[in-house]
Amino acid sequence: MARIDGIKEQRREKLREMRGQGIDPYPHRYHRSHTNKEAIALFKRGDDSPVSLAGRIVACRAMGKATFIDLRDSSGKIQAYFRSDLLSDKHDLLKQCDVGDIIGVSGKVFRTHSGEITLKVADFTLLSKSLQPLPEKWHGLTDVEKRYRQRYLDLISNEEVGRIFAVRSRAIAAVRRFLDGRGFIEVETPVLHHAAGGALARPFTTHHHALDQDLYLRIATELYLKRLIIGGLDRVYEIGRIFRNEGISTKHNPEFTMMESYEAYADYNDVMAMVEEMVSYVAKRVLRKTKVSFGENTIDFAPPWRRITLQNAIKEGCDIDFLEHADDHSLRNAIRKQGLDVDESPSWAKLVDKLISNFVEPNLIQPTFVMDYPVELSPLAKRKPESERLVERFEAFAGGMEIANAFTELNDPIEQRERFREQDRLRALLGDEEAERVDEDFLVALEHGMPPTGGLGLGIDRLVMLLTDQHSIREVILFPQLRTK
RNA sequence: GGGCCGCUAGCUCAAUGGUAGAGCAACUGACUCUUAAUCAGUAGGUUGCAGGUUCGAAUCCUGUGCGGCUCACCA
């Protein structure tokens, strides 16, 4: 018999014994008067009224007629002290309890000789019997695969993991508070799309049986939020799950969380100012400071962030002026001179993108706005007035990652239609699954007139990575996507 | 998809071709201020999986599954 089967059998046996004694191992209710943290605070204020607490037994030190356990709830840990002379028959029940069980305890709080604030247990109740052993107490659970697949074990045995997700929650709350304070309203738009638009990415497809139509999981919220701008909701945002059927990496999960906002009568300069204020506001609210450690670097989110054009950022990284190499042939040769291997197929726009990911993104540790992108890379962004080739678009980078993408939105319906057509042409030509698709319904909306608008997409997961010094997106997503075993 | 690395008891890890081990957890016993409690004892293994080489494989080889890092892909 494997050891684990033995442990499980022992615990099931305890369960049977308890039931035989008329004890319900899974009672319906328990009234707790305080959290562990509140009970400790109460005692520190000099109040020793009786309290009732509840949580999971995470450690047990039994010494004959006295037993100490560590009891954890979401607020923290408290030690509980059991004495057989205070519990009489219930001390036998304690023997049937295991590390991992959930119990309720009541009594008065006191301080032990060694100084630890402790609950002296007058009564206790088993609230849920655990039939599986917990990971080892000292090293916790380190097996990464198991941590992701059984996140509850990760949360039970590694306290810092809970803190990461608390930061995540507070960061999202801070984003909402910031935008609400600026008069934005939060909206919810469809996840199931008839055309997956608003970004250049491969969608997940699904099928609706009653409609007998294929549908796509959204790759962005952009086109629906713009419809709302057209409808006169001048400041809207949505925080929601986005799905992209692409590779998985330390910076990519197939489903991730994005905040998109649209503001009428703003342009990308206004959005830039908003992003640096918002992110520093979030850092201050969540961490009480704008400087964060990220690996070996310290990142300071305090405005103003550095601003640089894409042209100069690429020049800085590899000494290529992408505007001087106006066709794919010329740009490809310039890249090859830099010693980077590129084959014949990539278009000019793809080559520019390659330059960004190789020579710009990894170098931008401090928050930086990279401005003015080629129109071919940005089918939904408005051209710069003085340039045929560039659009009013920026991406924000920090910690070597892209965290935001924004532009002055294209609101000319005729040009938008042409841009979609061009994307369609590329898709047919190159079999590019990621090209933007024509969305006729959206074009009709645009034809009704959209005010000049500044739009933004902010990667929430990556922002949380920066705030928590985590270098894999899986560490900030509770249940990251893994292959089934 | 390529490269590198990992997978051994519930957990954390040893064992480099020669008897699969330790700590924690579990079980039995002692112990009324412990806190990685302590002390004595007991039990627990399809070494991810499938083949192969060998007198002998956790260890070497081939294939494969899952994971990690990385490169590519991802206009």
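Reckoned from all heavy atoms, side chains included, excluding hydrogens, waters and symmetry mates.
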>> For A:Val375, give me all partners under side chain to side chain contact (heavy atoms under 4.5 Å, CB included), at least two apart in sequence or on another chain.
In response: A:Arg383, A:Val391, A:Arg419
>> Counting only heavy atoms and a strict 4.0 angstrom limit, can you tell me which residues of residues 51-86 of chain A come near RNA chain B?
In response: A:Arg61, A:Ala62, A:Met63, A:Gly64, A:Lys65, A:Ala66, A:Phe68, A:Gln79, A:Tyr81, A:Arg83, A:Asp85
>> Taking the ring of A:Phe394 and the ring of A:Phe369, is the distance between their centroids below 6.0 Å?
In response: yes
> What residues, two or more places apart in sequence or in another chain, satisfy side chain to side chain contact (heavy atoms under 4.5 Å, CB included) together with A:Glu361?
Replying inline: A:Ser357, A:Phe397, A:Glu402
>> Pair A:Arg393, A:Asp372 - check salt bridge (charged side-chain N to carboxylate O under 4.0 Å, His left out), show working.
In response: CA-CA 5 Å; A:Arg393 171 183 175 189; A:Asp372 302 340; over 6 Å; no
> What distance, rounded to whole Å, do you find between the two C1' atoms, one in B:U47 and one in B:U32?
Replying inline: 45 Å
> What residues form a side chain to side chain contact (heavy atoms under 4.5 Å, CB included) with A:Arg151, not counting sequence neighbours?
Replying inline: A:Arg147, A:Tyr148, A:Asp154, A:Leu155, A:Val161, A:Phe165, A:Glu475, A:Leu478, A:Phe479, A:Pro480
>> Going by the rule side chain to side chain contact (heavy atoms under 4.5 Å, CB included), which residues pair with A:Asp441 if we only count those two or more places apart in sequence or in a different chain?
In response: A:Arg227, A:Asp439
>> Please evaluate residues A:Arg83 and A:Asp85 with respect to the criterion salt bridge (charged side-chain N to carboxylate O under 4.0 Å, His left out), reporting the C-alpha separation (whole Å), side-chain torsions for both, the decisive distance (0.1 Å), and the verdict.
In response: CA-CA 5 Å; A:Arg83 289 171 57 122; A:Asp85 55 351; 2.8 Å; yes
>> If you assign A:Lys146 and A:Asp98 each to the RNA chain B nucleotide with the nearest heavy atom, which residue ends up on the more 5' nucleotide?
In response: A:Lys146
>> Could you tell me if A:Tyr373 and A:Glu392 have a donor-acceptor pair between their side chains, going purely by distance under 3.5 Å?
In response: no
>> Looking at B:C33 and A:His113: do their rings stack (centroid distance under 5.5 Å, interplanar angle under 30°)?
In response: yes
> Taking both distances under 3.5 Å as the test for a Watson-Crick or G-U pair, what stems of at least three pairs does RNA chain B have?
Replying inline: B:1-7 with B:65-71, B:10-13 with B:21-24, B:26-30 with B:38-42, B:48-52 with B:60-64
> Would you say B:C73 has OP1 or OP2 under 4.0 Å from some side-chain N or O of A:Lys354?
Replying inline: yes
